[in-house]
Amino acid sequence: MTGRARLPGGEQRKASQKRSRPAAPIAAAPTLRAGDRVGWLRHTGIVQRVVGDQADVRQDGRDTLWRLPVAELTRLVG
């Protein structure tokens, strides 16, 4: 191979495909467990349970339970 960009079958690529780059890696959603402190928007709370891509979060200072997408939550240290 002399450095030419070719498809796996051996044929040459189209001109528009020659300078393409691989896709950027996708950021994984954080792994959360019950008891983790999390923040979302301007609120904070404690994770009660995680089911699939949803988490039940009890808001700090209130008796409010929120069901939020895990991707929206940020784990807090402390």
Side-chain angles (χ1 to χ4, degrees):
M1 181 87 81
T2 61
R4 295 209 181 245
R6 292 188 177 266
L7 293 171
E11 60 271 10
Q12 282 196 336
R13 294 183 180 271
K14 295 179 184 175
S16 63
Q17 296 174 325
K18 287 184 180 177
R19 288 179 283 283
S20 65
R21 289 175 271 158
I26 298 172
T31 55
L32 297 173
R33 295 188 310 256
D36 286 347
R37 288 187 42 83
V38 293
W40 71 100
L41 298 176
R42 64 179 198 270
H43 305 288
T44 59
I46 298 174
V47 175
Q48 298 294 308
R49 70 178 184 155
V50 178
V51 179
D53 62 345
Q54 301 282 317
D56 290 344
V57 180
R58 179 122 1 234
Q59 187 177 0
D60 286 343
R62 301 184 89 183
D63 195 25
T64 307
L65 188 66
W66 295 80
R67 177 159 291 164
L68 302 165
V70 172
E72 289 184 13
L73 301 175
T74 305
R75 182 178 290 139
L76 301 176
V77 178

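In what follows, every heavy atom counts, from backbone to side chain, and hydrogens, waters and symmetry copies are set aside. Every value quoted in this text rests on a predicted model; they were computed, and no experiment measured them.
- Here the straight-line distance linking atom CG of Leu68 with atom CG of Leu41 works out to 8.5 Å at 0.5 Å rounding.
- More than 12 heavy atoms of other residues, nucleotides or ligands lie within 6.0 Å of CH2 in Trp40, so this atom counts as buried by the packing criterion.
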ask   = Taking it one step at a time, do Val57 and Leu65 satisfy side-chain contact (heavy atoms from CB on, under 4.5 Å)?
value = CA-CA 6 Å; Val57 180; Leu65 188 66; 5.8 Å; no
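- Atom CZ of Arg33 is separated from atom OG1 of Thr31 by 7.0 Å, given to the nearest 0.5 angstrom.
- In this structure, Gly45 and Asp60 approach most closely via the heavy-atom pair CA-OD1, 3.6 Å.
- In this structure, CG in Asp36 is found 9.5 Å from CD1 in Ile46, a value given to the nearest 0.5 Å.
- Smallest separation of non-hydrogen atoms from Val70 and Gly52: CG2-O, 4.5 Å.
- Annotation for Asp56 and Arg67: closest pair OD1-NE, 2.8 Å, computed over non-hydrogen atoms.
- In this structure, Asp53 CG and Glu72 CD are separated by 10.5 Å, a value rounded to the nearest 0.5 Å.
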request  = Show your working on side-chain contact (heavy atoms from CB on, under 4.5 Å) between Leu32 and Val38 and close with a plain yes or no.
outcome  = CA-CA 9 Å; Leu32 297 173; Val38 293; 3.9 Å; yes
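- Contact between Gln54 and Pro69 at its shortest, heavy atoms only, is OE1-N, 4.0 Å.
- The structure places CZ of Arg37 at 12.5 Å from OG1 of Thr74, a figure rounded to the nearest 0.5 Å.
- Distance check, rounded to the nearest 0.5 Å: CZ of Arg58 to OG1 of Thr64 gives 8.0 Å.
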